[in-house]
Amino acid sequence: MVVCIVHFEDSCCDYRPCTLPVRPEDTDFGQVASRPSPSLSCFKTGIKNKRHFVDHRRVLVRGGHGGDGVSCFHSEPRKEFGGPDGGDGGNGGHIILKVDRQLKSLSSVLSQYQGFDGEDGGSKNCFGRNGALLYVRVPMGTLVKEGNEVVADLSHPGDEYVAALGGAGGKGNRFFLANDNRAPVTCTSGEPGQERELFLELKTMAHAGLVGFPNAGKSSLLRAISNAKPAVAAYPFTTLNPHVGIVHYEDHQQVAVADVPGIIRGAHQNRGLGLAFLRHIERCGFLLFVVDLAVPEPWTQVEDLKYELEKYEQGLSERPHAVVANKIDLPQARANLPTLQAHLGGKAIALSAVTGENLEELLLRIKELHDEHMAASLAQGHQLFRW
């Protein structure tokens, strides 16, 4: 079985920024204020600059300013009264958020964007050029909020949202020509672009979500079934950033499994990491409840996890799921297994993420849940989510 991981890092490091000229046609996804140019030390040292996972961002967007209209009159030999021929200014460019399936984090989104301005009008009825559209790439699953209101949900490939409109171009004096005003001198200035403060919030798009209390072994389990590399250690701590691992099956199916940072009792009241990461579970088609089999009464963890999910969003705990009893390699865990199976009706998958014991049963169960989720989505007419 072959596995791979979605990485949240880039290799550009120790660089000297250089500013290159920017043309409108270069701005398909225009984050082009400056382009880094790697120096030789980057290749000599091999140091990597990690780009951390970012799931929320405040962005200030301003549409391009409209070009000004022009007031002028036609001038030509032997044509004394040529009339007004001032052209209109071009419209300012819009700023558009667009889903890019290659992005998995908001780390590449800048804090502010300025749209391209329209050109001023010219003589001889020449209109100014419109400002180029500025596309901002965002990952799939991005919510766009203005204040407390959700204005867009970019959850499908190719989704777009106009974040800021460009200003209208001004009118030249040709526009004001009328029967009762044959020589107008009036022209108008271009309007400023729309300015908005938006909040981008990413809800991780994954087929399966690993849900469990801190130190239940979720990160170790994700490392065992994929090439994901969340931090693990021999002492108690909790992961602070979500990780997504991709499991490839023999029939070319790909299942995305998200390691959601540890939930604690009272998380629905924003205790601990709280609401910051509970929202990542909303987009998961099915759940994997990971419990520490070595603790006393491990079955209470399943009940507590379902309670926190249900308090956060009604019906979330009722999604298709499997219970994973981790750390079966420990003696006290083996002693707790019969009691746990009795409480859950024999539905728990006992395994060890460290030794790899019984991982095959978990992978088969993940594939079954994935196939059921895909079939249900097709029956409801939903678009299939694929990595």
Side-chain angles (χ1 to χ4, degrees), residues 6 8 29 31 51-63 94-113 115 134-165 194-211 240-244 256-261 263 267-270 272-287 308-317 319 373 377 380 382-387:
V6 176
F8 297 125
F29 291 97
Q31 290 151 239
R51 177 174 291 174
H52 295 288
F53 182 88
V54 177
D55 63 350
H56 61 278
R57 182 78 84 189
R58 171 187 170 274
V59 183
L60 180 65
V61 289
R62 298 187 188 93
H94 306 327
I95 298 178
I96 301 176
L97 305 179
K98 185 172 183 178
V99 170
D100 182 358
R101 295 187 63 178
Q102 302 303 317
L103 293 181
K104 307 303 177 187
S105 168
L106 293 171
S107 59
S108 61
V109 177
L110 305 181
S111 60
Q112 61 180 359
Y113 289 91
L134 180 60
Y135 286 91
V136 180
R137 298 184 301 168
V138 296
M140 190 162 54
T142 300
L143 283 180
V144 185
K145 295 183 177 180
E146 188 170 19
N148 294 325
E149 180 186 0
V150 177
V151 295
D153 185 357
L154 307 177
S155 56
H156 298 98
D159 281 355
E160 296 182 2
Y161 174 70
V162 180
L165 296 171
Q194 184 182 20
E195 181 174 333
R196 302 173 70 186
E197 183 182 40
L198 301 176
F199 296 89
L200 307 185
E201 181 180 295
L202 177 61
K203 294 185 177 180
T204 303
M205 299 288 292
H207 298 113
L210 292 174
V211 185
L240 297 179
N241 299 309
H243 294 264
V244 180
V257 181
D259 170 21
V260 181
I263 300 173
H268 70 280
Q269 298 173 340
N270 209 22
L273 297 176
L275 304 179
F277 295 109
L278 271 173
R279 65 172 178 265
H280 290 288
I281 305 174
E282 292 182 50
R283 299 292 178 94
C284 297
F286 55 94
L287 306 176
E308 293 298 329
L309 296 184
E310 193 65 25
K311 286 294 184 179
Y312 174 70
E313 180 183 325
Q314 187 174 3
L316 189 58
S317 64
R319 290 190 182 178
H373 172 63
S377 298
Q380 296 174 5
H382 296 165
Q383 184 177 358
L384 294 183
F385 164 58
R386 301 183 185 277
W387 278 69

> Of L134, I96, I95, which meets side-chain contact (heavy atoms from CB on, under 4.5 Å) against V61?
Replying inline: I95
>> List the residues meeting side chain to side chain donor-acceptor pair (under 3.5 Å) with R319, not counting sequence neighbours, and say none if there are none.
In response: none
> Listed by chain and number, what are the side-chain contact (heavy atoms from CB on, under 4.5 Å) partners of L165, not counting sequence neighbours?
Replying inline: H94, V162, Q194
> Is any side-chain heavy atom of P139 closer than 4.5 Å to a side-chain heavy atom of L106?
Replying inline: yes
> Roughly how far, to the nearest 0.5 Å, is CD of E201 from NE2 of H56?
Replying inline: 9.0 Å
> Is any side-chain heavy atom of T142 less than 4.5 Å from a side-chain heavy atom of V99?
Replying inline: no
> So how far is it from D153 CG to K145 NZ, rounded to the nearest 0.5 Å?
Replying inline: 10.5 Å
>> Tell me every residue that passes side chain to side chain donor-acceptor pair (under 3.5 Å) with E160, counting only those two or more places apart in sequence or in another chain.
In response: none
> Do you know which of L97, L143, V136 makes side-chain contact (heavy atoms from CB on, under 4.5 Å) with L200?
Replying inline: L97
>> Just to verify, what does R57 make a side chain to side chain donor-acceptor pair (under 3.5 Å) with, not counting sequence neighbours?
In response: none
>> How long is the straight-line distance from CZ of R101 back to NE2 of H156, given to the nearest 0.5 Å?
In response: 11.0 Å
>> Rounded to the nearest 0.5 Å, what separates atom CG in L202 from atom CG in L154?
In response: 10.5 Å
> With sequence neighbours excluded, what pairs up with D159 under the salt bridge (Lys or Arg N to Asp or Glu O under 4.0 Å) test?
Replying inline: none
>> Using the side-chain contact (heavy atoms from CB on, under 4.5 Å) criterion, which residues pair with V151? Sequence neighbours excluded.
In response: V144, E146, E149, Y161, R196
> Shortest non-hydrogen contact from A164 to G63?
Replying inline: CB-N, 3.7 Å
> When rounded to the nearest 0.5 angstrom, what is the spacing between CD in Q102 and CE in M140?
Replying inline: 10.0 Å
> What closest approach, in Å, do R137 and D100 show between heavy atoms, and which atom pair accounts for it?
Replying inline: NH1-OD2, 3.1 Å
